[in-house]
Amino acid sequence: MSSLRTLMIAFLLIVSLAVILVNGWMVMDTWQRGVRETENDARNLSQSVSKQSEDSFLQVELTLEDLRDRITLMGLDPERQRNIANLLRERKDSLPQLHGLFIYDTTGTWLVTSEGILQQHSNNSDREYFRFHQRNTDPGMHIGQVIRSRSTGDLVIPLSMRLSNQDGSFRGVLLATLRIDYFRQIFSYYNIGDQGLMALMLNSGTVLYARPFPDNTINLNISNSPLFNRLLKSASSGTATYKAALDGVERIFGYATLKRYPLVVTVAYGSAQLRQALMTNLILYLVLCVMLLLVIVAMGYLLLRNLSKHIQDQIELAQVRDQLTAMNQTLQTLALVDSLTGLANRRRFDLWLDRALLRANKLMTPVALLMIDVDFFKRFNDTYGHLAGDECLKQVGSALLPLVRGPEDLVTRYGGEEFAVILPGSGREEALRYAHNAVDAVAALAIPHSSTDIESKRVTVSVGVQVIRGGNGDATRQTLIGLADKALYKAKASGKNQVGEASS
């Protein structure tokens, strides 16, 4: 009995010590894992927001370049200004981020605006962007600090280009203004917690907009923060933990620079918020551990007598673990992502389209399906090899993905060189617009294809478009796919590199 008691005490001490050590290790591991997950979230979100911001600026840059070319051709004579004003208004209405479009002469006087009305004090020669273009002949787009619009009082980001005469002399300035409220709205879509931070800044350290801070932080220069004086000097994107220059709060930051523009996006989560979440779980976990130790002490003798039952329990736990492992492998096998392009695969396409049609039949709304096929892809593979063919498909998929409008739209790799796009709620006009944008986006990739019959000798796509309205009894997956395939065949038969519709 004495030896049994000694054995029981030793067993309880060993088990208690083991529980304490394991719990300590789990606490540290939980914290480190939480930090790593938060860093990954911050990095991924910063890269996503930077890409979205870059797209917004790129749309404006392309608009300004187009307007500058038209002004060069049409001139700025008074009889031409009405047509130019209409053109500015159309361009502004097509881009939700735009506050306005303006043209200034060599003295800074407004000539034409997207509003078509000249203000009483219509001279902006004192603005930084105007003085910049007076002094610099750089034809590129200039991004200035945030200013307050003299026409509406709104906070805007000025994006400007120099207008030059044939001899290169200064002709004036073409200006687009981006609404700060546009970024305020975009940033509000993301859940970053009570202590989170999101900011868009110039690479000089000037804040253009920061959530959730008030507007008095706009144009504040924080170039002395670790982000600018250390991190960006070694990497264009990454993660780090430091105290924010705006409020001194320690956060876990993810940051990314825009590839085309001198801008930086940061996303951060509060370290204290992470610790608070950990402590909330830790307290409950420690209570459970204490209860476990008490149960171990109370049941130690029974544990020794029922060792065989404990072994059986361990065997059952191992079987459950093996079952969970097998289930996890099954779930991985049923993954819904195409391994080559990263797009949704055919299985996800079928599930998504069925769901979209079910909803369309209930709500009696349209569903658009686009079938997209890479032209002369077999020749491409024969000419450049399958590795180049795979890379071509990746680039085509990457070009199609940014064109979708929202989370209900889905771009998929349907199979081989064929892609499919599901646009729930889209009518014919919107579907055709996406289809033409897809043809243009792939053409803009300028992937060489020497064996194609297309005159540009670049990789192109043909698109078949079909829209079907729910509630009429014809909205089935097989029907919609068949009609879209028919439209694709029509585009192919008409010479490729174009959009086709099935005959009604």
Review point. Can you list the steps and then say if Gln59 with Gln97 is a side-chain hydrogen bond (donor to acceptor under 3.5 Å, both in side chains)?
Key: CA-CA 9 Å; Gln59 290 173 343; Gln97 65 267 42; 2.8 Å; yes
If we ignore hydrogens and angles and just use 3.5 Å, is the side chain of [X] paired with the main-chain N or O of [Y] as donor and acceptor?
X: Asn361; Y: Leu357; result: yes
X: Thr257; Y: Ser236; result: yes
X: Ser48; Y: Asn44; result: no
X: Arg179; Y: Pro96; result: yes
X: Lys457; Y: His449; result: no
X: Arg162; Y: Asn136; result: yes
X: Gln466; Y: Leu370; result: no
X: Ser398; Y: Lys394; result: yes
X: Asp409; Y: Val404; result: no
X: Arg43; Y: Gly238; result: no

Closest contact, heavy atoms only, [X] versus [Y]:
X: Tyr434; Y: Leu400; result: OH-O, 3.0 Å
X: Gly389; Y: Phe377; result: O-CZ, 3.5 Å
X: Leu393; Y: Gly416; result: CD1-O, 3.7 Å
X: Ile157; Y: Gly144; result: CG2-O, 3.8 Å
X: Ser204; Y: Asn221; result: O-ND2, 3.3 Å
X: Pro212; Y: Gly196; result: CD-O, 3.4 Å

Practice item. Would you sort out whether Ile103 and Ile71 count as a side chain to side chain contact (heavy atoms under 4.5 Å, CB included), showing the intermediate values? Key: CA-CA 10 Å; Ile103 301 175; Ile71 291 171; 3.4 Å; yes
To the nearest 0.5 Å, how far apart are [atom1] in [X] and [atom2] in [Y]?
X: Thr476; Y: Leu358; atom1: OG1; atom2: CG; result: 12.5 Å
X: Thr63; Y: Met141; atom1: OG1; atom2: CE; result: 10.0 Å
X: Ile222; Y: Asn229; atom1: CD1; atom2: CG; result: 10.5 Å
X: Phe376; Y: Asn497; atom1: CZ; atom2: CG; result: 10.0 Å
X: Ile252; Y: Thr241; atom1: CD1; atom2: OG1; result: 4.5 Å
X: Leu200; Y: Gln52; atom1: CG; atom2: CD; result: 11.0 Å

Practice item. Determine, stepwise, if the pair Tyr129 / His142 fulfils ring-ring contact (aromatic ring centres under 6.0 Å, His included). Key: CA-CA 7 Å; Tyr129 58 82; His142 174 66; 8.0 Å; no
Flag the pair [X] / [Y] as yes when at least one side-chain heavy-atom distance between them is below 4.5 Å, and no otherwise.
X: Leu232; Y: Val264; value: yes
X: Thr266; Y: Leu227; value: yes
X: Phe213; Y: Asp247; value: yes
X: Thr412; Y: Asp338; value: no
X: Val156; Y: Ile147; value: yes
X: Tyr255; Y: Leu231; value: yes
X: Leu483; Y: Thr479; value: yes
X: Arg68; Y: Pro139; value: yes

How about [X] and [Y]: does a side-chain donor come under 3.5 Å of a side-chain acceptor?
X: Tyr182; Y: Ser56; result: yes
X: Asp373; Y: Ser462; result: no
X: Ser225; Y: Arg230; result: no

Check your understanding: Taking the six-membered ring for Trp, are Phe380 and Tyr384 parallel (under 30°), tilted (30 to 60°) or perpendicular (over 60°)?
Key -> tilted
**Study point:** Charged tip of Arg346 within 45° of Tyr414 ring normal and under 6.0 Å
**Key:** yes
Practice item. Might you work through the salt bridge (charged side-chain N to carboxylate O under 4.0 Å, His left out) test for Arg184 and Asp215, ending with a clear yes or no? Key: CA-CA 11 Å; Arg184 199 190 312 273; Asp215 288 345; 3.2 Å; yes
**Study point:** Derivation and outcome, salt bridge (charged side-chain N to carboxylate O under 4.0 Å, His left out), residues Asp350 and Arg477
**Key:** CA-CA 8 Å; Asp350 291 339; Arg477 176 166 29 116; 3.5 Å; yes
Check your understanding: Stepwise, does the side chain to side chain contact (heavy atoms under 4.5 Å, CB included) test hold for Leu87 with Leu101?
Key -> CA-CA 10 Å; Leu87 184 61; Leu101 290 164; over 6 Å; no
Exercise for review: List the steps, then state whether salt bridge (charged side-chain N to carboxylate O under 4.0 Å, His left out) holds for Asp93 with Arg89.
Suggested key: CA-CA 6 Å; Asp93 293 341; Arg89 189 179 303 110; 6.0 Å; no
Exercise for review: Decide side chain to side chain contact (heavy atoms under 4.5 Å, CB included) for Leu208 and Phe183; before the verdict, give the C-alpha distance in whole Å, the side-chain angles of both, and the deciding distance to 0.1 Å.
Suggested key: CA-CA 10 Å; Leu208 298 182; Phe183 292 99; over 6 Å; no
Exercise for review: Carefully, step by step, assess Asp375 and Arg379 under the rule salt bridge (charged side-chain N to carboxylate O under 4.0 Å, His left out).
Suggested key: CA-CA 9 Å; Asp375 299 326; Arg379 295 187 190 176; over 6 Å; no
Heavy atoms of other groups near [X] [atom1], more than 12 under 6.0 Å:
X: Glu429; atom1: CD; result: no
X: Asn224; atom1: CG; result: yes
X: Met364; atom1: CE; result: no

Review point. Are Arg260 and Glu61 close enough for a salt bridge, meaning some N to O gap below 4.0 Å?
Key: yes
Review point. Looking at Leu340, Val337, Asn345, which one forms a side chain to side chain contact (heavy atoms under 4.5 Å, CB included) with Arg413?
Key: Leu340
Practice item. Step by step, work out the side chain to side chain contact (heavy atoms under 4.5 Å, CB included) result for Val411 and Phe349. Key: CA-CA 8 Å; Val411 180; Phe349 167 82; over 6 Å; no
Review point. When you look at Asp69 and Thr72, which way does the side-chain hydrogen bond (donor to acceptor under 3.5 Å, both in side chains) test go after all the steps?
Key: CA-CA 5 Å; Asp69 293 342; Thr72 301; 5.2 Å; no
